[in-house]
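Computation of the quantities below employed the complete heavy-atom set of this structure, encompassing side-chain atoms and omitting hydrogens, waters and symmetry-equivalent molecules. Proteins come first, then strands; the chains are lettered A, B, ... in the order of their sequence lines, and each starts at number 1.
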Amino acid sequence: MTEQNTPATEPAEDLPEQMRVRRAKRDRMLAEGVQPYPVTVPRTISLAQIREQYAELPTDTATGDQVSVTGRVIFIRSGGKLCFVTLREGDGTELQAMLSLDRVGAERLEEWKRLVDLGDLVAVTGEVITSRRGELSVLADSWSMSAKALRPLPVAHKPLSEETRVRQRYVDLIVRPQARDTVRTRATVVRSLRESLFRRNYLEVETPMLQLLHGGATARPFVTHSNALDTDLYLRIAPELFLKRAVVGGIDRVFEINRNFRNEGMDSTHSPEFAMLEAYQAYADYNVMQVQTREWIQEAAQAVAGSHVVTHHDGTEVDLGGEWNQITLFGAISEALGEEVTIETDLAQLQRYAEKVQLGVDPKWSAGKLAEELFEHLVQHTLQAPTFVRDYPEQTAPLTAPHRETPGLTEKWDLYVGGFELATAYSELVDPVVQRERLHAQSLLAAGGDAEAMQLDEDFLRAMEYGMPPSGGMGMGIDRLLMALTGLGIRETILFPLVRPE
RNA sequence: GGGCCGCUAGCUCAAUGGCAGAGCUGAGGACUUUUAAUCCUUAGGUUCAGGGUUCGAGUCCCUGGCGGCCCA
């Protein structure tokens, strides 16, 4: 504590002992003319390649093969004249290195014991061997520091608290292999979706995230400001209105995978920024999108698990194979209530049903909105196996085409898996006059203070007036797809989720 | 938004209102075949923050912060 062995720029007395010790080791290296953070270190082969090439090497064998390897120190077992260390590489592969007095010499062995801590990144050059216990190892002739860690690693064999996992994902990634697996799984899923859509001749585009008007969904937007335009801008809540402009222009199969932003609650299924796939296909409808969506998810499952049966992190298996259940919104409500409910059922009757099942009712709700609330209250959580819920009331789906058989309904489905909504699709409303009426009604709500209502996007309506082909459109939450495939919470599927300031 | 639970050493956790502890990690020492090595010695604390009750508060009360679970 009285030693002045840390640089003056560091408030030494504020640091825990273990961090002071590591800083002191760094300083000692510098004082001895050794780089604690060299620009390069020798590396001729990955740990994974060694494991692959020497998989069959028998116990206590010397190969004569010289290699240089790198990795993070995750276990140290040091003896007087022989030290063992377990190195781990980015892909999770671990390999043992051995440093013996007769190979590296007394001086370098002492420096190893003096300078190397758990968590450091080191490079080791030596011979590939197996130990007397049969452990594949690099028997060092020399070693060097790749990067000195100034903070101690958390205990490797106790789980990190959930909060630390999220706030310090880099630590989570270092100590928990599953955290790294999740990153890989997500990349695999996104790549699979892209390939699935490319195979069906969809084009990938990027549409504006900064928008003058927010639309395409009902949600509260984030507001930001453009100095150049001296105007407020919205972070998009959905790419829908721009993707439809693309379809108007003749991009007949189009999709985007990117972030949307919604200024709403944060919980185990909602993140303020979330990744979404949105896809449109001209001359298709919600039935076509239903088949494709199932195929894309099944192809993603295949990419991740090699099968349509995915295994969640808690070991439960979820079968996403075959055809999926299909029910109608009103059919599901009727079954749950034991009463016949249709689009014709009036608001007063629905309110009586709501009271019967102890659902709180907002007097501003339309009959359609109340029907949806009844569904969410009674049915949603029961839909564990993948289920398409079809045919929603017009009042709650302003951008959806009227149902071709039943007046008052629209051609929209929601896909539920594991009790939450994973995707939605419409036969798109392409009549510009009706579209204008619907958006005008929305804009009146917005002007009246409903922060979730859409604003009137005249440019979008102008585009529609040039004629949009009859189309199917779908949207799916990427984070939620990961949740469905892995069983993880949304904050585990997002690498760096938004957290409250510390 | 409401209810409940939690926040203590670098990490994971203990501690009837009565001396703040353990394991791992760290430091010093022993060990040339270890696998979360082992053995000996030892250091480490603004108990989330701020008030209050009390002779005495990690513990009880209040306010706030952060997190988790359940409900809306």
(message) Going by purine N1 to pyrimidine N3 plus the second Watson-Crick contact, or the G-U wobble pair, all under 3.5 Å, which nucleotide sits opposite B:G1?
(response) B:C71
(message) Given B:C24, B:A27, B:G67, identify the nucleotide with an atom nearest to the side chain of A:Val155.
(response) B:C24
(request) Look through every strand shown and name the nucleotide pairing with B:G26 as Watson-Crick or G-U wobble, where both distances are under 3.5 Å. (result) B:U42
(message) Could you tell me how far apart A:Leu82 (CG) and B:U35 (C1') are, to the nearest whole angstrom?
(response) 13 Å
(message) Of the options B:U32, B:C11, B:U33, whose atoms approach the side-chain atoms of A:Leu101 most closely?
(response) B:U32
(message) Measuring from atom OG1 of A:Thr293 to atom CZ of A:Phe388, what distance do you get when rounded to the nearest 0.5 angstrom?
(response) 6.0 Å
(message) Once rounded to the nearest 0.5 Å, what's the spacing between atom CZ of A:Arg108 and atom CG of A:Asp141?
(response) 12.5 Å
(message) Salt bridge check, A:Asp117 against A:Lys148: does any charged N sit closer than 4.0 Å to a carboxylate O?
(response) yes
(request) Take atom P in B:U35 and the same atom in B:U25, then report the distance between them in whole Å. (result) 13 Å
(request) Please give the nucleotide sitting opposite B:G58 as a Watson-Crick or G-U wobble pair, both distances under 3.5 Å, or none. (result) none
(message) Without decimals, in angstroms, what is the distance between A:His381 NE2 and B:C70 P?
(response) 14 Å
(message) Need the pair for B:C7. Rule: Watson-Crick or G-U wobble, both distances under 3.5 Å, any strand; none if unpaired.
(response) B:G65
(message) Without decimals, in angstroms, what is the distance between A:Arg77 CZ and B:A36 C1'?
(response) 9 Å
(request) Check whether any side-chain N or O of A:Glu127 sits under 3.5 Å from a backbone N or O of A:Gly64 as a donor-acceptor pair, and report yes or no. (result) yes
(request) Would you kindly compare A:Pro154 and A:Leu139 by the position of their nearest RNA chain B nucleotide and give the one closer to the 5′ end? (result) A:Pro154
(message) Would you say A:Arg167 places a side-chain N or O within less than 4.0 Å of OP1 or OP2 belonging to B:G67?
(response) yes
(message) Within the 4.0 Å heavy-atom criterion, would you say A:Ile76 contacts the bases, only the backbone, or no part of the nucleic acid?
(response) sugar-phosphate
(request) Indicate, with a heavy-atom threshold strictly under 4.0 Å, whether A:Thr86 touches base, sugar-phosphate, or nothing. (result) nothing
(request) Using a 4.5 Å cut-off on heavy atoms from C-beta on, say whether the side chain of A:Arg77 contacts that of A:Thr86. (result) yes
(request) Calculate the interatomic distance between A:Glu264 atom CD and B:G1 atom P; express it in whole Å. (result) 14 Å
(request) Considering only NZ, NE, NH1 and NH2 on the basic side and carboxylate oxygens on the acidic side, decide whether A:Glu89 and A:Arg43 come within less than 4.0 Å. (result) yes
(message) From the set B:U12, B:U33, B:A37, return the single nucleotide nearest to any side-chain atom of A:Thr164.
(response) B:U12
(request) Please measure how far the P atom in B:G58 lies from the corresponding atom in B:U53, and state the result in whole Å. (result) 16 Å
(message) Taking the P atom in each of B:G21 and B:U33, what is the distance between them to the nearest angstrom?
(response) 39 Å
(request) Side chain of A:Glu17 only, please: which of B:U12, B:U32, B:A43 is the nearest? (result) B:A43
(message) Taking B:C70 as the reference, what is the distance to B:G18 when you measure between their C1' atoms (whole Å, please)?
(response) 37 Å
(request) Starting at OG1 of A:Thr400, measure out to CH2 of A:Trp413 and round the result to the nearest 0.5 Å. (result) 12.0 Å
(message) Heavy atoms from C-beta onward define the side chain here; which of B:C66, B:U32, B:U12 lies closest to that of A:Glu163?
(response) B:C66
(message) Using a heavy-atom cut-off of 4.0 Å across all strands, would you classify A:Lys25 as base, sugar-phosphate, or nothing?
(response) sugar-phosphate
(message) What's the closest nucleotide to the side chain of A:Glu135 if the choices are B:G26, B:U35, B:U32?
(response) B:U35
(request) For B:A22 versus B:A14, give the span between their C1' atoms, rounded off to a whole number of Å. (result) 7 Å
(request) Could you tell me which nucleotide pairs with B:U32 by Watson-Crick or G-U wobble geometry, both distances under 3.5 Å, or answer none if nothing does? (result) none
(message) Using the P atom as the point on both nucleotides, what is the distance between B:U63 and B:U47, in whole Å?
(response) 22 Å
(message) Over all strands shown, is A:Asp102 touching base, sugar-phosphate only, or nothing at heavy-atom distances under 4.0 angstrom?
(response) base
(request) Among the candidates B:G68, B:U12, B:G10, find the nucleotide nearest to the side-chain atoms of A:Leu160. (result) B:U12
(message) Expressed as a whole number of angstroms, how long is the span from A:Arg20:CZ to B:U25:P?
(response) 20 Å
(request) Send over the distance from A:Lys113 NZ to B:A27 P, rounded to a whole Å. (result) 13 Å
(request) Give none if B:C13 has no partner; otherwise give the nucleotide forming a Watson-Crick or G-U wobble pair with it, both distances under 3.5 Å. (result) B:G21
(message) Here's a test of your reading of the structure: between A:Arg22 and A:Phe75, which maps to the more 5' nucleotide of RNA chain B?
(response) A:Arg22
(message) Please tell me whether A:Tyr416 and A:Phe375 form a close aromatic pair, meaning their ring centres lie under 6.0 Å apart.
(response) yes
(request) Using whole Å, report how far CE of A:Met19 lies from C1' of B:G44. (result) 14 Å
(message) Can you tell me which nucleotide in B:A27, B:G68, B:U35 comes closest to the side chain of A:Ser131?
(response) B:U35
(request) Test for a donor-acceptor pair under 3.5 Å between the base of B:G10 and the side chain of A:Gln18, counting only N and O atoms. (result) yes
(request) Give the rounded distance in Å between these two atoms: CD of A:Gln168 and C1' of B:G10. (result) 11 Å
(request) Consider the side chain of A:Arg491, meaning its heavy atoms from C-beta on, and name the nucleotide among B:A43, B:G68, B:U33 that approaches it most closely. (result) B:G68
(request) Determine the Euclidean distance between corresponding P atoms of B:C19 and B:C39; express it in Å to zero decimal places. (result) 31 Å
(message) Work out how far the C1' atom of B:A20 is from that of B:A57, and round it to whole angstrom.
(response) 12 Å
(message) For a quick test of reading the model: is some side-chain N or O of A:Ser78 closer than 4.0 Å to OP1 or OP2 of B:A37?
(response) no
